[in-house]
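Chain letters run A, B, ... following the sequence lines, proteins first and then strands; every chain starts at 1.
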There are 2 protein chains.
Amino acid sequence: MDTFFGALSDPTRRAVIEALVTGPRPVGELHAPHDIALPTFLKHLKVLEASGLVRSEKKGRVRIVHIEAAPLAEAEAWLHRQRRLWEGRLDRLGALAEQLEREHKSDGDRR
Amino acid sequence: MDTFFGALSDPTRRAVIEALVTGPRPVGELHAPHDIALPTFLKHLKVLEASGLVRSEKKGRVRIVHIEAAPLAEAEAWLHRQRRLWEGRLDRLGALAEQLEREHKSDGDRR
DNA sequence: CGAATAGTTAGCCGTATGGCTAACCGAATG
DNA sequence: CATTCGGTTAGCCATACGGCTAACTATTCG
């Protein structure tokens, strides 16, 4: 999951993902809008591919890149779970209950 | 958004988020389960705070850290949007329509 | 007030990351 | 078959990142 969020932490790579949601694209086409050298761009693609967000295969001299939806869903689920837990906590507990919970935990931790 | 996904790309920092969904915690308590030096851990907290995922304030000699839900929701929304676009595309277009779309785009791009 | 507690700051170190250029390889194409 | 096109490999560079220790500040407690 590290490589996963890491892959999304770069604007160029997020842009590639955004481009790919409308369908598979060859490397050159993906590279065009970005003002960086091709080899540099290729590194980004490798990062994306290593993270599982993207796959590609070569047809003739062209490499076609396509998105992989499953990891997106996985990350989304993680974020959703954290947010739900946090918000659920706010719903269930008032400031008082929270205070009690904290004090209880502190007692348990003391050695 | 860079700093944002970047913050989540480290397991220690994700663990901190997971710990914080059950409520605010002092630095020491957050640090305890991680087998790294305190100053190193503090850096992670700073990264989290810089990314907006977390806030903290000092009470006496203790610093209390709490999660910030909004950015979580934002990232979740981005992921969801990408996934929806991708899957929506699969629904709307068959392989044939996809082919046409691609050829059309290629024509338009040719200078 | 002196000692212990909870963070904080500063600085060092090795690896990873994002950028480049130069040179190369294999599939079209004239 | 020579050329061009699309991509790939190799290697260099500077900065960022994750880890450490040592030393310091600011509370709190006895």
Side-chain angles (χ1 to χ4, degrees), chain A residues 1-17 19-20 24-66 102-103 105-107 109-111, chain B residues 1-17 19-20 24-66 102-103 105-107 109-111:
Chain A
M1 207 164 182
D2 290 31
T3 60
F4 185 86
F5 281 113
L8 293 179
S9 74
D10 180 277
T12 300
R13 292 193 292 257
R14 277 199 310 281
V16 169
I17 295 297
L20 285 177
R25 297 277 180 266
V27 168
E29 198 172 318
L30 287 171
H31 169 243
H34 302 283
D35 196 20
I36 64 179
L38 220 213
T40 308
F41 184 75
L42 273 207
K43 279 201 202 170
H44 285 300
L45 284 186
K46 270 192 195 159
V47 171
L48 283 171
E49 196 148 6
S51 78
L53 272 166
V54 133
R55 276 194 304 158
S56 69
E57 59 265 346
K58 201 148 180 183
K59 299 235 167 134
R61 66 181 171 184
V62 170
R63 177 174 294 279
I64 305 291
V65 185
H66 57 91
R102 295 270 301 104
E103 283 166 3
K105 185 162 195 325
S106 295
D107 287 349
D109 283 355
R110 255 188 248 301
R111 59 213 153 299
Chain B
M1 208 165 180
D2 290 31
T3 60
F4 186 84
F5 281 113
L8 293 179
S9 74
D10 182 275
T12 300
R13 292 192 292 258
R14 277 200 309 281
V16 168
I17 295 296
L20 285 176
R25 297 278 181 264
V27 168
E29 198 171 318
L30 287 171
H31 169 242
H34 302 283
D35 196 19
I36 63 179
L38 221 211
T40 307
F41 185 75
L42 273 207
K43 279 200 202 172
H44 285 301
L45 283 186
K46 269 191 195 159
V47 171
L48 282 171
E49 196 148 8
S51 79
L53 273 166
V54 134
R55 275 195 305 157
S56 69
E57 59 265 346
K58 202 148 180 183
K59 299 234 165 130
R61 68 183 168 179
V62 170
R63 177 174 294 277
I64 304 291
V65 185
H66 56 91
R102 295 272 300 107
E103 282 165 6
K105 183 160 197 323
S106 295
D107 289 347
D109 284 355
R110 255 188 250 299
R111 57 215 155 297

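Contact check, A:Lys46 against D:dT9: a side-chain N or O comes under 4.0 Å of OP1 or OP2.
In this structure B:His66 satisfies the ring-ring contact (aromatic ring centres under 6.0 Å, His included) test with no other residue, sequence neighbours excluded. Taking A:Ala37 as the reference, A:Pro39, A:Thr40 meet the side chain to side chain contact (heavy atoms under 4.5 Å, CB included) condition, with sequence neighbours excluded. Partners of A:Val27 under the side chain to side chain contact (heavy atoms under 4.5 Å, CB included) rule, at least two apart in sequence or in another chain, are A:Leu38, A:Leu42, A:Leu45, A:Arg63, A:Val65. Partners of B:Phe4 according to the ring-ring contact (aromatic ring centres under 6.0 Å, His included) rule, which considers only residues two or more places apart in sequence or in another chain, do not exist here. Under the salt bridge (Lys or Arg N to Asp or Glu O under 4.0 Å) criterion, B:Arg14 pairs with A:Asp2, sequence neighbours left out. Among residues two or more places apart in sequence or in another chain, the salt bridge (Lys or Arg N to Asp or Glu O under 4.0 Å) test is passed with B:Arg61 by none. A:His44 meets the ring-ring contact (aromatic ring centres under 6.0 Å, His included) test with no other residue; sequence neighbours excluded.
The aromatic rings of A:Phe41 and A:His31 are tilted relative to each other, their planes meeting at an angle between 30° and 60°.
Across the protein-nucleic acid pair, B:Leu38 atom CG and D:dT21 atom C1' stand 13 Å apart, rounded to whole Å. Atom P of nucleotide D:dT25 and atom NZ of B:Lys58 are separated by 13 Å, given to the nearest angstrom. The separation between B:Glu29 atom CD and C:dG7 atom P is 10 Å, rounded to whole Å. A:Leu42 has its CG atom 8 Å from the P atom of D:dT9, to the nearest Å. The distance between atom NE2 of A:His34 and atom P of C:dG19, rounded to the nearest whole Å, is 11 Å.
Side-chain contact between B:Ile17 and B:Val54 is present, with heavy atoms from C-beta onward closer than 4.5 Å.
End-to-end axis angle of the helix from C:dC1-D:dG30 to C:dG30-D:dC1, from C1' rotation axes over five pairs per end: 20° (rounded to 10 degrees).
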Do A:Leu20 and A:Leu30 pass the side chain to side chain contact (heavy atoms under 4.5 Å, CB included) test, and can you show the C-alpha distance, the side-chain angles, and the key distance before you say yes or no?
-> CA-CA 8 Å; A:Leu20 285 177; A:Leu30 287 171; 3.9 Å; yes
B/S/- along nucleotides 24-30 of chain C (protein heavy atoms under 4.0 Å) is --BBS--
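Residue order along DNA chain C, read from the 5' end via each residue's closest nucleotide, puts B:Val62 first among A:Phe41 and B:Val62.
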Distances under 3.5 Å between protein N/O atoms and the N/O atoms of nucleotides 12-19 of chain D, please, pair by pair.
| from | atom 1 | to | atom 2 | distance (Å) |
| --- | --- | --- | --- | --- |
| D:dG18 | OP1 | B:Arg13 | NH1 | 3.4 |
| D:dG18 | OP1 | B:Arg13 | NH2 | 3.1 |
| D:dG18 | OP2 | B:Arg13 | NH1 | 3.3 |
| D:dG19 | OP2 | B:His44 | NE2 | 2.4 |
| D:dG19 | O6 | B:Lys43 | NZ | 2.6 |

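The stretch residues 40-56 of chain A participates, sequence neighbours left out, in these salt bridge (charged side-chain N to carboxylate O under 4.0 Å, His left out) pairs: A:Arg55-A:Glu68.
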